[in-house]
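Here's the structure, in structure tokens; my notes come after.
Computed from a predicted structure; not experimentally measured. Whatever order the structure lists ligands and atoms in, that order sets their numbers, starting from 1.
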Amino acid sequence: MQIVQELDPLRTAVAGLRRTGTLALVPTMGALHQGHLELVRTARERADTVAVSIFVNPRQFGAGEDLDAYPRQFERDCAMLEAEGVDLVWAPGVDQMYPPGYATNISVSGVSEGLCGGTRPGHFDGVATVVCKLFNQVRPDLAFFGEKDWQQLAVIRRMARDLDLVRPAADRILGVPTVREADGLAMSSRNAYLTESERAQAATLPAAMRAATAAIVAGTPIDDALDTLRRELVRGGFSAVDYAEVRDAASLEPIERLAERPARLLVAARIGRARLIDNMPLVVDPRTAPPHPAA
Ligand code: PAF
């Protein structure tokens, strides 16, 4: 496995990999867990060679957020990636990614508004900008992202479509289902912030979300189910709920009632030092769905 930290050797390494077939990229900020390894394994199944980027991107952290505290464990990450058969680790420094005089920002409207875009202003500009740069640097045929960051995936696909990216093309940007702990908590590098008791309480999040999705699908009005969900989270030890919303799964437009189009429950909530996010599908059986008022 090659570990590269500067652009010139990256170009040489990528050219070498490309000679052996298709190349997949798994962008990460390090602090790897089983969720990341699932992305790597999926990438290995789908492409001949796999590159993983490790870069804690300062532009996607707001003032007062956890940039300095974000877990960094580069040697451990590299050992995990080597064991998975990864071909290349791209680990640029901040100066390599944003050299003095750097002045360009990519801002994706629409899908980046509200949800995490509402509570973390500027976050998705930082994500879109760094991911576009990573795509241009590595020029992968395929790229893999976790569905835990559902809005992030929508922003990146929108950016790729709008900027006519070809490596990868928007339809080669693939989501991989969220990997969960035994109690249902979505795996996240930020779970490391939880104390033992907070970790136990954090399982309230997926449990309350599962209950809310089941209630909505069974006919409970969305607002009522979300009120119950917020109450459950606070009762379960969460200090604040940043948002709990049902949105169109693809466009991320708010929806007030379920129809035939796939919908998604998306939640962000705070417990201890951690802000946890999660999302789940609302699966409606079209045979029992109430008729759409416009039909
Ligand atoms: O999901 C992440 O880890 C980051 O947001 C990403 C996509 C690597 C961009 O920094």
Report task. With heavy atoms of P27 as the reference, note each atom of ligand 1 found under 4.0 Å away. Result -> 8 (C)

Query raised in the report: Taking 4.0 angstrom as the limit, do R210 and D278 come out as a salt bridge?
Result: no

Query raised in the report: Which of the atoms of ligand 1 are close to V130, meaning less than 4.0 Å from one of its heavy atoms?
Result: 9 (C), 10 (O)

**Report entry** Atom indices of ligand 1 within 4.0 angstrom of T28 heavy atoms, with elements
**Finding:** 8 (C)

Query - ligand 1 versus I156: contacting region, heavy-atom distance under 4.0 Å - result: neither

Query raised in the report: Quick one: which of R18, R46, R172 gives a salt bridge (charged side-chain N to carboxylate O under 4.0 Å, His left out) with D141?
Result: R18

Requested in this report: Return yes or no for this condition: an N or O of Q152 is under 3.5 Å from an N or O of ligand 1.
Outcome: yes

Report task. Kindly compute the distance separating NE2 (H36) from OG (S188), expressed to the nearest 0.5 Å. Result -> 8.0 Å

Requested in this report: Report the member of H123, M29, Q60, K133 with the shortest heavy-atom distance to atom 9 (C) of ligand 1.
Outcome: Q60

Query raised in the report: Taking atom types as modelled and ignoring hydrogens, do the side chains of Y98 and N57 form a donor-acceptor contact shorter than 3.5 angstrom?
Result: yes

Report task. Identify whether L266 and V108 are in the same connected component of the hydrophobic contact network (ILVMFWY, side-chain heavy atoms under 4.5 Å). Result -> yes

